[in-house]
Undergrad: 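Dropping the structure in here first, questions after.
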Amino acid sequence: MDDHKRYYKVAFGLAVFTILYNLAEGILSTYLGFTDESLVLFGFGTDSFIEVISGLGIAHMVIRIRRNPGSKRDEFERTALRITGFAFYILVAGLVITSCYNIWTGHQPITTFWGVVISGVSILVMWALVLWKRKVGKKLQSEPILADANCTLVCVYMSVILLVSSGLYAWFGLPYVDSIGTLGLSYFAFKEGRECFEKARSDRYCCCD
């Protein structure tokens, strides 16, 4: 019992850390993406803000299942999922339209150096979170926490897209790679948005990975 309490505290701590990290990452990425005119970095930062909303729902979920492990998803979590889903769809629309416009006009970022730096840090942090959440989920035999670990893995994939697109432009100056990378982010954001609505309508916890 004491081990369960300890692991639930760890799970809640990981949820809070995820919220704070995404908030800091969102502020930094959107600012640098705007000043460097890098759409993929700006979109990555905007996605981080949406992940903050999702993180609030996860933190609430951990508290709920700690009190009652067999309980169903409540209205707070469903509302957070719906808000997150709408936010992802709005983000996808904005990124796709802007990417197509940038390709049409031939717009290129000033630099993508910070995209390389931020994505590298994000991959390390998010992968550590995936491993830690999986460990806690297995110890607690908690399907919701394991599903959250898989959702965090999607953030790793998006960080890799940012790294590849930013790196290719920074080192080789490949045209349109910033916009193409943004479309890659849009793909994962769309999948996340769709899954948010699916989970809001049901009690399933599986996540796209």
Side-chain angles (χ1 to χ4, degrees), residues 17-55 84-85 87-134 149-196 207-209:
F17 176 82
T18 303
I19 293 170
L20 296 177
Y21 179 83
N22 276 308
L23 183 61
E25 183 179 74
I27 293 172
L28 190 62
S29 297
T30 51
Y31 172 75
L32 292 173
F34 179 79
T35 55
D36 293 344
E37 298 184 14
S38 172
L39 182 60
V40 67
L41 181 55
F42 184 85
F44 183 80
T46 307
D47 175 85
S48 296
F49 285 130
I50 299 174
E51 297 292 351
V52 170
I53 303 172
S54 176
T84 303
F88 274 128
Y89 281 167
I90 292 171
L91 174 63
V92 169
L95 292 182
V96 169
I97 291 171
T98 309
S99 294
C100 293
Y101 176 79
N102 284 352
I103 292 173
W104 176 262
T105 60
H107 177 271
Q108 303 296 335
I110 297 172
T111 177
T112 56
F113 169 78
W114 288 113
V116 174
V117 174
I118 291 174
S119 60
V121 173
S122 181
I123 289 171
L124 294 175
V125 172
M126 289 299 161
W127 185 245
L129 282 172
V130 169
L131 296 178
W132 211 344
K133 288 178 179 181
R134 282 179 175 174
N150 285 339
C151 289
T152 304
L153 188 58
V154 176
C155 296
V156 176
Y157 298 156
M158 298 179 82
S159 299
V160 170
I161 290 175
L162 174 62
L163 177 62
V164 172
S165 60
S166 297
L168 288 175
Y169 186 81
W171 293 318
F172 303 107
L174 295 181
Y176 310 120
V177 70
D178 185 75
S179 295
I180 294 172
T182 304
L183 293 175
L185 291 183
S186 301
Y187 168 76
F188 281 106
F190 177 80
K191 288 183 67 177
E192 287 193 278
R194 182 180 61 190
E195 180 148 349
C196 283
C207 182
C208 54
D209 53 12

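Position 1 is the first residue of the sequence, and the numbers go up from there.
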Undergrad: Using modelled atom types only, decide if a donor and an acceptor are shared between the side chain of N22 and the backbone of T18 within a distance under 3.5 Å.
TA: yes
Undergrad: Quick one: does Y101's side chain get under 4.5 Å of H107's, heavy atoms only?
TA: no
Undergrad: Is the side chain of S29 donor-acceptor paired with the backbone N or O of G26 at a distance under 3.5 Å, no angle test?
TA: no
Undergrad: We want to know whether D178 and S38 form a side-chain donor-acceptor pair, criterion being a heavy-atom distance below 3.5 angstrom.
TA: yes
Undergrad: Please evaluate residues D47 and L185 with respect to the criterion side chain to side chain contact (heavy atoms under 4.5 Å, CB included), reporting the C-alpha separation (whole Å), side-chain torsions for both, the decisive distance (0.1 Å), and the verdict.
TA: CA-CA 9 Å; D47 175 85; L185 291 183; over 6 Å; no
Undergrad: Quick one: does T111's side chain have a donor or acceptor within less than 3.5 Å of a partner on D36's backbone?
TA: no
Undergrad: Would you name the heavy atoms of S54 and T84 that are closest together and state the gap between them?
TA: N-OG1, 3.7 Å
Undergrad: Please tell me if the side chains of I123 and V160 come closer than 4.5 Å, counting only heavy atoms from C-beta onward.
TA: yes
Undergrad: Could you please spell out the steps behind the side chain to side chain contact (heavy atoms under 4.5 Å, CB included) verdict for L91 and F49?
TA: CA-CA 11 Å; L91 174 63; F49 285 130; over 6 Å; no
Undergrad: Suppose we call two aromatic rings close when their centres sit under 6.0 Å apart. Are F190 and Y89 close by that rule?
TA: yes
Undergrad: Is there a donor-acceptor pair closer than 3.5 Å between any side-chain N or O of S166 and the backbone N or O of L163?
TA: no
Undergrad: For a side chain to side chain contact (heavy atoms under 4.5 Å, CB included) check, start with the C-alpha distance between W114 and L28, then their side-chain angles and the critical distance, and finish with the verdict.
TA: CA-CA 10 Å; W114 288 113; L28 190 62; over 6 Å; no
Undergrad: Mark yes or no for whether T98, through its side chain, and L95, through its backbone, hold a donor-acceptor pair below 3.5 Å.
TA: no
Undergrad: Quick one: are L183 and Y176 in side-chain contact, heavy atoms under 4.5 Å?
TA: no
Undergrad: Do K191 and V154 have side chains that approach each other closer than 4.5 Å (heavy atoms only, starting at C-beta)?
TA: no
Undergrad: Are F44 and I161 side-chain neighbours, meaning at least one heavy-atom pair lies under 4.5 Å?
TA: no
Undergrad: Are F34 and T30 packed together at the side-chain level, in the sense that at least one heavy-atom pair is separated by less than 4.5 angstrom?
TA: no
Undergrad: Is there a side-chain contact between L174 and Y169 in this structure, where contact means two heavy atoms from C-beta onward sitting under 4.5 Å apart?
TA: no
Undergrad: Within the distance-only criterion (no hydrogens, no angle test), does the side chain of S122 pair as donor or acceptor with the backbone N or O of I118 below 3.5 angstrom?
TA: no
Undergrad: Any side-chain heavy atom of V130 sitting closer than 4.5 Å to one from R134?
TA: yes
Undergrad: Decide if atom OH of Y187 counts as having more than 12 heavy atoms of other residues, nucleotides or ligands within a radius under 6.0 Å.
TA: no
